Each structure stands twice: as C-alpha cells, then as structure tokens.
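This is the structure, below, for whatever I ask next.
What you see is a predicted model; the values in this text were computed from it and never measured.
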Amino acid sequence: MPKPRVIYWFRTDLRLHDSPALAAALELKPSCLYPIWTWDPHYVYRARVGPNRWQFLLDCQEDLSKSITKLNPKSKLFLIREAPQTLFPKLFKEWKITHLVFEKDTDAYARQRDEAVMQIAKKAGVEVIVKVGRTLYDPDELVKQNKGKSTMSIAQVQSAGAKIGNIPRPIPSPTSLPDPGDLSLSFSPERPEETPDFNASHRESQDKSYQELSGPNNDFAIPTLSELGIKPATSPHRGGETLALSALSSILSDVAYTATFEKPKTAPTDFSPQSTTLLSPHLHFGSLSVREFYWRVQDIVTSFKSKGKKPSEPPTSLTGQLLFRDMYFGAQAAQGYAFAQTYNNSNIRFIPWHLPSTISPDNSLITGSYHVDDAQAESYFRRWKSGTTGFPFVDALMRQLRLEGWIHHLGRHMVACFLTRGGCYIDWERGAEVFEEWLIDHEVACNVGNWQWLSCTAFYSQYYRCYSPVAFGRKWDPEGAFVKKYVPELENFDKKYVYEPWKAPIADQKKWGCLVKGDGGGDESEATKEGLKNYPKPMFDFDTQRDICIQGMKNAYRVGLYGNDKRVLDGTWRTLFDDDAEGPTTGNDGIPGAQVDGAKEKDVDEGEDAGDFESDSKTAQKAKKPEHQKPKSARKREAGQSTLDGMVTRKKKKDQA
DNA sequence: GGGTGCGTTGCTTCG
DNA sequence: GCGAAGCAACGCACC
C-alpha cells in the first residue's frame, strides 16, 4: 500500500486552529500534503465582491500561507488559478494524489461544485474525506432533526441541536506539516469565461489573475488586488487567522462584556471602538473557528455563573449570535438556490415590491438583473445605495458600509427596513445584492436570511414595528457623533437638527456651512457659489411613506401568497392586488411571473448610468399619481403603530398584583 | 379549535 | 431621565 499523497483543499476554513478536516488529513500520515486553494472563476466573476472583501480574503490567504511555511519551510498555501471542476482531474493525475480532504460547505453553488469534484475523484480513484467545521452543527443534520424542514426560529435550532448532541471542543493547531510533493504542472489550464463579470464596476484595469496557472512568477502566489484589476480597499478591517485569534483574546479578556453581552443593547452608532466584536468576517472566511469562539465564550460564562453572577443567555448573548448563524445555515441547507429568492420559494411571503428580480425561464432562478417597474422607486434605490437619501442616519450607515465594509447589526436593520417594508417598498433582493457587494462578512445564508427577516417575508412578521431614521439614531446617539463622522457635511450642525437637518433655519444652515437642498445629484450651484457644502433634502416624508408601506404589507399579508404559489409563478397574482386600494406600494406591473410589455429591465452589465426610466411613460405616469388616487393612509397619517407588548406588560402586572 | 404567551433589537406620550 | 402604557393587531407553539 503506497503512502497517502494528500491534497488539502482550503475553502471556507482559512485557518490552522480547530480544523477537523485538516486534522483528518494529518491523521492519514501522508507522505506529502499539498495545501491548495483553487482560484474559482465563480467567485472571481459571478459573486458580487467589492474591494474590501477582496482585501480581506487575500489577507486571510497570505496569513495562512505564512503560518503553513512557519510549520514547514517547504510548504505554503499553493494557489492554483483554474476552476476546481476542470483542474482536479489533471491535478490528481499529475501529482499522483490518493486522498482529497476538505471542509463541508452547504451553500447552493458549493454543493453543486463539491458533488462534481467528488464524482471526478471517484473516477480517478481518489478517496475523499469531508468534515464539518464551518458551523456549530452540520446544517444538514440540523434540518434532519428539525423534521426535514428549514430551521426558521432559534427555538427550532435549540431543540434540533439538543438532539444532535454536544458541540465538539476545538482541536489544537498542528505543530508540523508534511512536505508537499513534486509541484510540476505540465498540463494547460482551461481559461475561464470572463463575462458576465459582476465585479466590473470595481475594476480599474483588466483582471490578469488567470494568465498563468501558478501565478506570474510560477510560485503559486496569492494574487494582489492590482493583479485582479480591483480598486484599492478602503476598509480599516483586515483579515487573517493571526489577527482573528488576537482580536478574540482581546475581546474575551473583558469577562463582564463577554458574559453579559446582549445584542439588542449594543449601540449601532458606536465606532472606534464599535460595540460588537466584528468577528463576523473571520467566521465567514474561516480565519476564526466558530467552535473556538463558542467554547472560549462558554467557558467564561460557566466560570462567571459559578461565582454567583448572572450571565446573559441565548438568543441575545454572544453564543446566541452563533445560534442565529446556524439557524440561517439550516434554512439555506434545506432550500438550495431557491433560498436566496422569493420566486419558487415556499418559505417566503410574496409581497409585490418595486424593482423585482428578473427570473430565468430556464431554471426559475433570479438572473442578477431586475425590472424598473417604477421610476421613483429606482431613484429611491439609487439614493439609498449612494447614501444620499436626505435621512442622515440612513446615509451615514450606507456610507460606512461602502467605505468600511461593515456596519452594526442594528444599523443593517435600519437601512434594510427603510429600503423594504418601512420606506421605499423595494424588493429585499435588491438590498441583499448591495450587501453582498459591500460587506466584508457577507455570508449568503446570514445575509439573505436577515433580509427576509427585516422585510417580514420570512422568520419575522411584525411589520408594524418599524425603524424611524430620526428616532432610532437619536435613541443611541443623541449628540449625532456617528452621523457627523460619516456625513461630514453636517459636522457643524446642532444636535437638535443633526437627524433632520431639513428643519434647520436657513440662517443656521449657512452658519454651519451646509445648505440642505436638492436631491443629492451633486449640482447644487447655490451652495457651491456661496462656498457652502450641500446635503440633500429628504427624498420623501417618512411618516407618510411608512404608513403607505404598512398598509401595503397589511394587504399583502391578507392576500397571503408564498413564493411558490401558482399565481406567483404564472403572474396572475396581479389580479389579487387592487392598485387603487394600495396605490404606490404595489409593484404590480413587473415580474415575477409573465413579463409585462413596457417594463424596463436593468441588467447587471449596465453601468451606473443605465436604466433610462424617464422615457417610460407608463412608469412616469405612475410615479405622479394624483393626490386623490392615493390610499387614505397616504393622505393623512391616521394612527401610530402598535404591538401586543403593552397588553402583555399590563397583563403581567395584573397577574403580579 | 379558540385563547394565551411569546418572539434577540419600534415609537410616542405621559406621569 | 425613566418606565409604563398605548398604539392596531404578525405567526406559532402550546394548552
């Protein structure tokens, strides 16, 4: 029996500590071990990845490669620039591989890719070993223990998790690594299809990362941003296992913070330092093990408890945050590609949002482009994305997101609610795409799940609880320091007006150096002439728009369609939504379902100037609906919102009495 | 099958 | 400055 020649395939586990899959590879006692990364064109061109997340990935790879070399000077992370599906058949043969080892990945594309690779390995006589290490529980096992259904609540995760058993303790990092074998590559690579390139807008020059199979110097080097043609990163947050472990230790050195952490009580407006751990990008890239995080926290909590002190508990505690991550992975695992869209998804409520996704007739999946069914909604979307809505708290968050690739969880709630059910009535899939592009911690399962949560299409349904861009920011940061940092136009504004600068008297606006005027288009000549800065007026009256949205949600809940309903699939859902009753909230001249003549489609390949909606008379007319045609709620604010909280509180008090 | 309690993270007013 | 009440009224598990 020849000694094993092993490829360790790094993917979502860019670390050496607590890697069950790497431990399994070493248990084989291989004669040679190739730690590799396959430079997959699916990620390079077909995922939305902005400069900051690229930087974070490259940081993680560089750090891991250095750590490997420390354990064995002959080894490193060998980066091979070809899709795994076409690379592996050749690589197995050339390097005489006996085993392929990797960590399980339940993302929709990853499953498909890994299935193909396992078939290839089988054909080549290569044994495949797969281990779970990305989540606390194997998402498939979680689903199995949840009666085969998506995990849709924390209670379900806790109950299914209890059936699976204890979360394994982390495994120490290896202290040595075998040599790699012969590294020659005599075959020619398959060149990837470069279009569509979802990241074209982030490139300042052409991508050169596929010119040589083992890199420009034939040393299997990790590419640089400039090699990718990607613009420089702007985020202060950097990647790598070394940083992740030191950040974890530093956070956990504060025992009280660790043991009493309650997510809803952390401020979305805190910066330098922020109020949460910022470990999420490390969990995404695997530069931090989720089990390492879990057990280091859990041990502190146990010790805290043993001293008679009261720690916080899931779901608000630190470990609770990890359970939410597992919940979303469990939801995704059961649904596959359909998880990331409304169309043909039985778990998601159908709401006739504006700017709906285009659906491919071939596979019923979203294509990455969308319909501009309404001129005003497209304008709202652009202003939301560019941080020029005229609502300073929303704009500050969106600018922080674009610049730094991270915003606080509650900040994400604010802007997500604002874009969907609590402001613009725009499809959550548009927002999820922007987050995918800009977040350094973007995880499909968590991002999509949270957008469904915030848009009240799945996981959560209390649509009448709505975040106010004025009140919510003020609650956490009455002085407006956060807004002033990310919207410096308002840095001199009095705190009385910082969340609603349009209310400031003109004389004060001039005194504070910024005129609140226009729509954020940049051509505010009056301000420029006077040497003043300019900040846009709010793009709508929030209270009015919020009530329109709530009425729209109420109606959509009453209609009660889900994404897989026949009427959603064939387009007949439109007959169920009376436009006169719901007015501007219904995006019912677009998809899903049958195409409608005259509706504009915005393609992913179009530049920022695309989407010439002004020429579309139908949508233009709709945007200018006369006052009398608007729903009652749009004309006058009738009442505030409500929840059962008040009654529950009253009842409790009564019971206690 | 109806009622009740609860669900990580709302806002405003009032005392 | 704080906590409680009021607002209009979701789904789900459990009894």
Review point. Which of these nucleotides, B:dT8, C:dA13, B:dT12, is closest to any side-chain atom of A:Q156?
Key: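 Of the options given, the side chain of A:Q156 lies nearest C:dA13.
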Check your understanding: Counting side-chain heavy atoms from CB outward, which of B:dT8, C:dG11, B:dC11 is closest to A:W453?
Key ->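 Of B:dT8, C:dG11, B:dC11, B:dT8 is nearest to the side chain of A:W453.
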**Study point:** OH on A:Y343 to CD on A:E429, rounded to 0.5 Å
**Key:**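 Answer for the CD-OH pair, A:E429 versus A:Y343, is 12.0 Å.
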Point to revise | Distance-only donor-acceptor check, side chains A:H408 and A:T266, under 3.5 Å | key: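 Yes - a donor-acceptor pair under 3.5 Å links their side chains.
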**Study point:** Pairs satisfying ring-ring contact (aromatic ring centres under 6.0 Å, His included), at least one member in residues 139-163 of chain A, at least two apart
**Key:**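 Counting only pairs at least two positions apart or across chains, no ring-ring contact (aromatic ring centres under 6.0 Å, His included) contact touches residues 139-163 of chain A.
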Review point. In terms of heavy-atom contacts, does NZ of A:K305 have more than 12 from other residues, nucleotides or ligands at under 6.0 Å?
Key: no
Study note, to complete from the structure: For DNA chain C, the expected dot-bracket line (Watson-Crick or G-U under 3.5 Å, [ ] crossing, | inter-strand) is .||||||..||||||
Point to revise | A:K554 or A:Y562, whichever maps to the more 5' nucleotide of DNA chain C | key: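 The 5'-side residue here is A:K554.
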Practice item. Could you check which of B:dT9, C:dG11, B:dT8 has an atom nearest any side-chain atom of A:R349? Key: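 So the nucleotide nearest the side chain must be C:dG11.
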Exercise for review: Have a look at A:W476 and say if it touches a base, only the backbone sugar-phosphate, or nothing, with a 4.0 Å heavy-atom cut-off.
Suggested key: nothing
Practice item. Identify which nucleotide among B:dC11, C:dC10, B:dT8 has an atom closest to any side-chain atom of A:Y557, counting heavy atoms from C-beta outward. Key: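 Selected nucleotide (nearest to the side chain): C:dC10.
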Review point. The side chain of A:K263 lies closest to which of these nucleotides: B:dT8, B:dC11, C:dC10?
Key: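 The nucleotide sitting nearest to the side chain is B:dT8.
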Practice item. Determine the contact category for A:Q321: base if any of its heavy atoms lies under 4.0 Å from a base atom, sugar-phosphate if only primed atoms, P, OP1 or OP2 are that close, otherwise nothing. Key: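 A:Q321: base contact, heavy atoms under 4.0 Å.
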Check your understanding: Does A:K385 make a cation-pi contact with A:W438 (under 6.0 Å, within 45 degrees of the axis)?
Key ->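 Yes, A:K385 and A:W438 form such a contact.
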Exercise for review: Give a yes or no on whether the backbone of A:L403 and the side-chain of A:N52 come within a donor-acceptor separation of less than 3.5 Å.
Suggested key: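 Side chain of A:N52 to backbone of A:L403: a pair is present.
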Check your understanding: From the list C:dA9, C:dC10, B:dT9, which nucleotide is the closest neighbour of the side chain of A:S461?
Key ->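 Comparing C:dA9, C:dC10, B:dT9 against the side chain of A:S461, the answer is C:dC10.
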**Study point:** Residue A:P264, side-chain atoms from C-beta onward, closest of B:dT9, B:dG7, C:dG11
**Key:** B:dT9
Check your understanding: Counting any heavy atom closer than 4.0 Å, what does A:F324 reach on the DNA or RNA strands: base, sugar-phosphate only, or nothing?
Key ->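 Base, at least one base heavy atom under 4.0 Å.
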